[in-house]
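Numbering starts at 1 and runs along the sequence shown.
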Amino acid sequence: MGPSWTMVGRRSLDILSRDMVAMTARLNTRYTGRSAFSTTATVLSQSRQMKRHKEAMLAPKVATRQQHERIGGYTSSKIPMFLPGTFVLPLASKLPRKPAILFSFLKSYIKTASLDTFGTWLAKLGSKPSFFARPIFKLANSSVVATAKGLHRSMSEALASGDKETIRKVCADRMADTLCGTIDSRPAGKKYAWELIKYTKKMRYPRIMSQKIAKIEKGRDAPLIRQVVVRICSRQRRVELDRAGNPVEGTEKEADLVENLVLTTVISPVTWKSDEWRITGTFKDTTPESWEEHQKLTRDVEREEAAKHKIDIGAS
């Protein structure tokens with residue numbers, strides 16, 4: 001009874017995620033011209049090529065952590081982009097004003113949020129050893145928000161000070177490459193100090209705005225991606241430092257920011273343990289226009305997948 005109950009959750013999650021691989025590949029190819037996810041063989045090959053270099057450069061503690069981080073050939077640092085269908089509702093002040101557009105927009109949000117919630121429930125269902133047993137997989141949303149706050153602070157401080165090593169520890173590779181490129185583009189020796197003065201809108205934020213769980217690739221035992229978008233509202237200060245590390249007069253700037261921080265991790269479908277959370281990027285608020293564009297792309301992929309399926313059936 002246990003295995004069959006677990007299979008119900010896994011097969012249902014397969015159905016819910018059936019277009020995720022194709023959609024992610026299409027989106028990634030559109031913006032970067034390459035496949036979204038490396039295959040397990042490719043990742044493992046890259047790992048073997050870099051093994052000696054890593055063993056020489058990394059301390060034993062870090063190497064051990066990275067061994068635990070690898071799940072089925074995937075690591076959280078290798079997730080290149082956001083999951084398709086990510087919907088982040090904007091602040092109330094930025095919602096559409098026209099009733100008809102607002103109604104349609106909120107309807108899309110409720111539908112998407114319901115599917116996301118269903119996906120997380122299926123993951124928990126699939127982790128149940130038996131019908132009456134508790135799920136092995138737990139969301140632990142409060143700890144995820146706390147982790148997001150810590151990673152956000154570490155990333156912002158590292159970006160300001162030019163600490164590329166820390167950036168690569170807290171960000172996924174593609175995000176880290178972008179931020180390190182920003183640091184490299186600065187004039188030699190230029191550094192900043194960053195400070196989080198306080199969190200604003202404390203009654204509602206920080207909190208999770210979107211949460212999705214989907215399989216990385218097709219297959220019964222394929223690892224899962226868990227993506228969480230945490231909205232952080234804060235007042236921040238940045239000041240330029242001179243070569244002696246002292247603030248440069250007149251360069252101090254304060255700003256109230258609203259950031260949708262995207263965190264991603266990989267979950268093992270065998271142990272249901274997650275690797276470390278990594279920052280994949282920041283996500284813009286969803287708008288009626290951006291959602292319609294996404295829906296159009298979804299329909300295009302569905303048609304392509306349907307046509308491909310017919311060709312495969314005809315060939316067989």
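Counting only distance, with no hydrogens or angles, the side chain of Ser76 and the backbone of Glu276 share a donor-acceptor pair below 3.5 Å. At least one donor-acceptor pair closer than 3.5 Å links the side chain of Lys128 to the backbone N or O of Ala133. Side-chain N or O atoms of Arg278 include none that pairs as donor or acceptor with a backbone N or O of Thr264 at under 3.5 Å. No donor-acceptor pair closer than 3.5 Å links the side chain of Thr265 to the backbone N or O of Arg226. Between the side chain of Thr280 and the main chain of Leu263, no donor-acceptor pair closer than 3.5 Å is present. Judged by distance alone, with hydrogens and angles left aside, the side-chain atoms of Thr86 form a donor-acceptor pair with the main-chain N or O of Leu83 at under 3.5 Å. Without hydrogens or angle criteria, Thr251 side chain to Val248 main chain gives a donor-acceptor distance under 3.5 Å. Judged by distance alone, the side chain of Gln236 and the main-chain N or O of Leu196 form no donor-acceptor pair under 3.5 Å.
In this structure, Glu292 does not pair ionically with Lys296, as no charged nitrogen and carboxylate oxygen lie closer than 4.0 Å. Salt bridge absent: Lys191 and Asp242 never bring a charged side-chain N and a carboxylate O closer than 4.0 Å. Ion pairing between a basic and an acidic side chain is recognised when a charged N comes within 4.0 Å of a carboxylate O; Asp177 and Arg174 show no such pairing.
Gln227 has its side chain within reach of Val262: a pair of non-hydrogen atoms, C-beta onward, lies under 4.5 Å apart. In this structure, Phe137 and Ile213 have side chains that are in contact, with non-hydrogen atoms separated by less than 4.5 Å. Residues Ser143 and Trp277 are not in side-chain contact: their nearest non-hydrogen atoms beyond the backbone lie 4.5 Å or more apart. Side chains of Arg231 and Val258 form a contact here, defined as non-hydrogen atoms less than 4.5 Å apart. Side-chain contact between Ile136 and Pro129 is present, with heavy atoms from C-beta onward closer than 4.5 Å.
Judged by the 6.0 Å distance and 45° axis criteria, Lys149 is positioned over the aromatic ring of Tyr199.
Using a 4.5 Å cut-off between side-chain heavy atoms of Ile, Leu, Val, Met, Phe, Trp and Tyr, with links allowed through other members, Leu102 and Leu89 fall into the same hydrophobic cluster. Residues Val170 and Val230 share a single hydrophobic cluster, defined by chaining ILVMFWY side chains whose heavy atoms lie under 4.5 Å apart.
Ile110 contributes atom CD1, which lies 11.5 Å from atom OG1 of Thr117 (distance to the nearest 0.5 angstrom). How far CZ of Phe87 is from CE of Met209: 10.0 Å, rounded to the nearest 0.5 Å. Interatomic distance, OG of Ser234 versus CD of Glu195, reported as 11.5 Å (0.5 Å rounding). Atom-to-atom distance recorded for Leu151:CG and Ile232:CD1 is 9.0 Å, nearest 0.5 angstrom. Residue Lys212 holds its NZ atom at 11.0 Å from CD1 of Ile225, rounded to the nearest 0.5 Å. Taken to the nearest 0.5 Å, the CD1 atom of Ile167 stands 11.5 Å off from the CD atom of Glu157.
Grouped by direct or indirect side-chain proximity (heavy atoms under 4.5 Å, Ile/Leu/Val/Met/Phe/Trp/Tyr only), Ile101 sits alone. In the hydrophobic clustering, Tyr192 connects to no other residue, as no ILVMFWY side-chain heavy atoms lie under 4.5 Å from its own.
Trp194 and His152 have perpendicular rings, their planes meeting at more than 60° on a 0 to 90° scale where under 30° would count as parallel.
Under 3.5 Å, the side chains of Ser290 and Thr287 contain a donor-acceptor pair of N or O atoms.
Atom NZ of Lys253 has 12 or fewer heavy atoms from other residues, nucleotides or ligands within 6.0 Å. The number of heavy atoms from other shown groups lying within 6.0 Å of CZ (Arg134) does not exceed 12.
For Phe283 and Phe82, the ring centers sit closer than 6.0 Å to each other.
Sorted pairs that involve residues 80-107 and meet salt bridge (charged side-chain N to carboxylate O under 4.0 Å, His left out), not counting sequence neighbours, are lacking altogether.
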